[in-house]
Protein chains: 4
Amino acid sequence: MTKSSDELIRGTAAAPRNASKLTRNKLTRAERNELTRQNLFAAARKVVGRFGYAEASVARITAEAGVAQGTFYNYFVTRQELLDQLLPEIGKDMLRFIHERTRYRVSEAERENDRFRAFFEYLKEVPELMRILNEAELFAPAAYRQHVEAMATSYARLLRRGRAKGEVQPFTDDEMEVMVHMLLGARGYLSQRYAFADGSVTQIPEHVISSYAKLLSGGLFRREPETAQETAVDKKGRRP
Amino acid sequence: MTKSSDELIRGTAAAPRNASKLTRNKLTRAERNELTRQNLFAAARKVVGRFGYAEASVARITAEAGVAQGTFYNYFVTRQELLDQLLPEIGKDMLRFIHERTRYRVSEAERENDRFRAFFEYLKEVPELMRILNEAELFAPAAYRQHVEAMATSYARLLRRGRAKGEVQPFTDDEMEVMVHMLLGARGYLSQRYAFADGSVTQIPEHVISSYAKLLSGGLFRREPETAQETAVDKKGRRP
Amino acid sequence: MTKSSDELIRGTAAAPRNASKLTRNKLTRAERNELTRQNLFAAARKVVGRFGYAEASVARITAEAGVAQGTFYNYFVTRQELLDQLLPEIGKDMLRFIHERTRYRVSEAERENDRFRAFFEYLKEVPELMRILNEAELFAPAAYRQHVEAMATSYARLLRRGRAKGEVQPFTDDEMEVMVHMLLGARGYLSQRYAFADGSVTQIPEHVISSYAKLLSGGLFRREPETAQETAVDKKGRRP
Amino acid sequence: MTKSSDELIRGTAAAPRNASKLTRNKLTRAERNELTRQNLFAAARKVVGRFGYAEASVARITAEAGVAQGTFYNYFVTRQELLDQLLPEIGKDMLRFIHERTRYRVSEAERENDRFRAFFEYLKEVPELMRILNEAELFAPAAYRQHVEAMATSYARLLRRGRAKGEVQPFTDDEMEVMVHMLLGARGYLSQRYAFADGSVTQIPEHVISSYAKLLSGGLFRREPETAQETAVDKKGRRP
DNA sequence: AATGAATGAGACTTCATTCAT
DNA sequence: CATGAATGAAGTCTCATTCAT
């Protein structure tokens, strides 16, 4: 039995595999086959993560995987086919990851905060996601649309649930959809700006997380503008 | 004197050009030179807008411009050099456009609304921006970073001004910067989702604009969750 | 004992095969071996017949035969080796078929007519021959030359026999050889033009057969040109 | 002014070209362009003539022409496009050649003989035609069909004219068409068998020409079989 | 024997860039 | 300056053949 794909993605496999196999140090054909496929997958993820889709030539991927170019086409009909599977593969893993890190029995706002945090944690574990998420729209458009759709749908369901509980503003479903896309867009931009530097993923600053929470809980503008004196920051934007 | 670049971009030049030139129907060498450059620029914008950066080959651009391929290299050292100038060119024009459409003597929230609206209006006038904005991060990264930086800076200044007036929540400057990026990200995603279909720009729905306004003015979550009965929408998300 | 190859080609095997084998439903190793070889053969014939030699890749042939690619090389040293055997296999069967359909105790001219007809009948039964005959010169040149040689030799013998009987013009042996090649060439062209459409074999029109007979019995030109009025067709080539 | 294409094919250009150009030893762009095209054409003809269409890779053709591979695509959209033009180019030249060598004021039979002879003479001058004619059906099917069509049409016209003069048997038009294809097929086979050896074109033997004439003038079979004694050859096919 | 994954040479094609005219 | 032909590196993909299981 081989590792599940998400174990492979995040490298979290723990249990020892079939002992007899290990002792014999031999794999069945099907296992070897699956191994090579995963190998190519991992290589592609790495290459795309490092150089982007455009530079992810079959030559590079197979070199990274340590197999001949022709081998690639034993597993994927076209280069595009592999590229198209990259985002779904990781996307599903990411959703699972985020879901696991989301506390229950807390307010919707806190749960959204959990999700936001978990996203950036996942990004640290699978930094390739950064580029893949950014570039998939252009280089794997079908997969991208599906991914966004899936994200948005599941997100919207959560928000509607919160609305039913009275924790989310009473937006219509259409408005809810818009909210979802704004949140996704915001998160995406923030990841580019605050969790990425010189080609590698960095820790997201705390104030980004709290800012996100503030926007969501109270918006950007004050309802009834008060006098400037009351504001909690001075003109330089520092807390007194 | 030739048209200013933004007049060229939006085609809004009104006044007749230098009459003496027209009568003589001759241009100085420098003018002809500038004309060709603008020509290539416009062609590149059109091609990138229609097919994306990846398909914007020098052959295509020069064909669109009606000049020989070699001519291209009399004006730009490399293909990339032109591509790098595309976003700045349009970006500046866009900022000017948005600024013109932003009312004074209204609340900050309303002005932000103006800006949001103006952005989508500009998009309708210069649909090429859509693709350029989306793809520049990948194909003209330096230009993209500069553009985002410029946008963010000017945006942040406006928000700080609003904060000083007490109309914006009392965020720190760092938080303000985060806000700016969230707004930009949200707007970007919304434009892709709601103002773009089958390769051409469409009118942004009103409810998207109002949703944006709502997020900014009150956030997504209720401060103190009330009972579900009070919510203004039924379980299907419709206004009763 | 397995089917003879021509029975396999035309699928005319009638008698039940070795009963004891069927009851035991087991085959000796040699028999299984031969079966697989015939299987590959039949697959190759089908594939070449449908797609031509160029498209008859080992992958396609083995897929059609339902065996693994590697199996192919247990029976044939190279792909070419199998392709080289295709035409001889069918060629021999064709000659046998034509011979069977040729009446005895008739004039040589009539017998040639029989052969001509039989050729087209065979073509209908084994349509793959069409492509194989056409393409073998290119893709299996050795086999092709041998085939033509065999055809010509047997053909020439028949014609010489007719000459001995006084039914064939008194050509020299060299001339006879030339005649044979002309007849073969004519027949080949006619099959392409009149018995083949859209990749499948069609019935040869009667007037083609009669025209062939006319050329052979009286030539194309009149010995002593008469006046145009006497001709049996009008200027439009219709019988009055 | 450049050589006409058929002069290039057969290399029979006689008159000196534009003297001023020669003195300056410079060519205009258009001339150079045309030169390169002809160069590629000639290279392709040579390569196909020597190795066949299947081996006529762009790499080989451009190597033969002494230009870079990329240059090829400045002149032809695809490899196939050039291959498709090979037969028409030569075919037209051949028809012209044959027509020039056909005497007037002689019987139709003699003129057909002229054409037959001329075909083989042309083959000696342009030996590449051999392979091109043989392989075009497979590798340039559209061009091949057009060529055969053109040949057959012009041929049929000649035969109908002969029929009107009473020199050709009174066949119907349909029969005439069949005759044409038989003649073309016969000629094709004969060229392969008697004018080709070890990859190069050889002189066609006289007895082949006379045999062709005999078939056309009197057919293969005797009308009324006489006694064997009368035949002009002995049993070994030799003239006594 | 049967299997089928692995191999790698080689095919076609694209395109940014150069350079002589 | 403008031109446009020439260049050649690089990319995707195919397929006959090998070989360990």
Side-chain angles (χ1 to χ4, degrees), chain A residues 26-30 32-37 54-62 65-80, chain B residues 29-30 32-33 36-37 54-63 66-82, chain C residues 29-30 32-33 36-37 54-63 66-83, chain D residues 26-37 54-62 65-80:
Chain A
K26 274 187 178 177
L27 299 167
T28 68
R29 266 218 188 137
R32 278 191 157 283
N33 194 310
E34 184 58 22
L35 213 70
T36 305
R37 174 182 292 271
E55 309 277 293
S57 65
V58 173
R60 251 198 183 140
I61 293 170
T62 49
V67 299
Q69 277 200 59
T71 301
F72 185 94
Y73 293 92
N74 288 335
Y75 294 88
F76 306 97
V77 176
T78 62
R79 167 179 172 268
Q80 191 61 45
Chain B
R29 208 168 289 179
R32 287 185 62 80
N33 196 311
T36 304
R37 171 182 293 270
E55 311 273 291
S57 64
V58 174
R60 243 190 190 151
I61 294 170
T62 50
V67 301
Q69 252 190 100
T71 302
F72 186 95
Y73 291 89
N74 289 331
Y75 293 89
F76 306 97
V77 176
T78 64
R79 168 178 172 268
Q80 192 61 46
E81 191 193 298
L82 168 53
Chain C
R29 208 168 290 178
R32 286 184 62 77
N33 195 311
T36 305
R37 174 183 291 270
E55 310 273 290
S57 64
V58 174
R60 245 194 188 148
I61 292 170
T62 50
V67 300
Q69 253 191 99
T71 302
F72 186 95
Y73 291 90
N74 289 330
Y75 295 90
F76 306 96
V77 176
T78 64
R79 168 177 172 269
Q80 192 60 47
E81 192 194 298
L82 168 53
L83 298 188
Chain D
K26 273 186 180 179
L27 300 167
T28 68
R29 267 219 188 136
E31 281 170 339
R32 280 191 156 284
N33 194 310
E34 185 57 22
L35 213 68
T36 304
R37 173 181 292 270
E55 310 277 294
S57 64
V58 173
R60 253 201 182 136
I61 293 170
T62 49
V67 299
Q69 276 200 60
T71 301
F72 186 94
Y73 293 92
N74 288 335
Y75 293 89
F76 306 97
V77 175
T78 62
R79 167 180 172 269
Q80 191 60 45

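Order of the sequence lines fixes the chain letters, A, B, ..., with proteins taken first and strands second; residue numbering starts at 1 for each chain. Since this is a predicted model, take the numbers as computed values, not measurements.
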Original post:
Rounding to a whole Å, what distance do you find between C:I61:CD1 and E:dA2:C1'?
Top reply: 18 Å
Original post:
Reckon A:Y73 has a side-chain N or O less than 4.0 Å from the OP1 or OP2 of F:dC13?
Top reply: yes
**OP:** May I ask you to say what C:T71 touches in the nucleic acid, namely base, sugar-phosphate or nothing, with a heavy-atom cut-off under 4.0 Å?
**Re:** base
**OP:** Could you tell me the separation between the CG atom of D:N33 and the P atom of F:dA5, rounded to a whole number of Å?
**Re:** 5 Å
Original post:
Once you round to the nearest 0.5 Å, how far does CZ of A:R37 lie from CD of A:E34?
Top reply: 6.5 Å
Subject >> Which residue lies more 5' along DNA chain F, comparing B:A68 with A:S57 via nearest heavy atoms >> reply: B:A68
Subject >> Position toward the 5' end of DNA chain E (nearest nucleotide), B:Q80 or A:T36 >> reply: A:T36
**OP:** Grab the CZ-C1' distance between A:R37 and E:dA6 for me, whole Å please.
**Re:** 15 Å
Original post:
What's the CZ-C1' distance between B:F76 and F:dA2, to the nearest Å?
Top reply: 15 Å
Original post:
Just wondering, do C:L82 and C:Y75 contact through their side chains at under 4.5 Å, heavy atoms?
Top reply: no
**OP:** Go through DNA chain E and write down every stem, that is, every run of at least three consecutive Watson-Crick or G-U wobble pairs with distances under 3.5 Å, as range with range.
**Re:** E:2-21 with F:2-21
**OP:** Can you measure from CZ (C:F72) to OG1 (C:T78) and round to the nearest 0.5 angstrom?
**Re:** 7.5 Å
Subject >> Interatomic distance where CG belongs to C:L82 and C1' belongs to F:dA16 [whole Å] >> reply: 13 Å
**OP:** Mark yes or no: B:R79 above the aromatic ring of B:Y73, with NZ or CZ under 6.0 Å from the six-membered ring centre and no more than 45 degrees from the axis.
**Re:** no
Subject >> side-chain contact (heavy atoms from CB on, under 4.5 Å) between A:T36 and A:T71, intermediate numbers included >> reply: CA-CA 9 Å; A:T36 305; A:T71 301; 4.2 Å; yes
Subject >> Length of the line joining C:F72:CZ and F:dT18:C1', which is rounded to integer Å >> reply: 14 Å
Original post:
Ignoring hydrogens and angles, does a donor from either the side chain of A:N74 or the base of E:dA6 sit under 3.5 Å from an acceptor on the other?
Top reply: yes
**OP:** Scan C:Y75 against the nucleic acid and name what it touches under 4.0 Å (heavy atoms): base, sugar-phosphate only, or nothing.
**Re:** sugar-phosphate
Original post:
Closer to the 5' end of DNA chain F via nearest nucleotide, is it C:E55 or A:A59?
Top reply: A:A59
Subject >> Separation of atom CD in C:Q69 from atom P in E:dA5, rounded to whole Å >> reply: 10 Å
**OP:** Using only side-chain N and O atoms of A:R79, determine if any of them is under 4.0 Å from OP1 or OP2 of F:dT12.
**Re:** yes
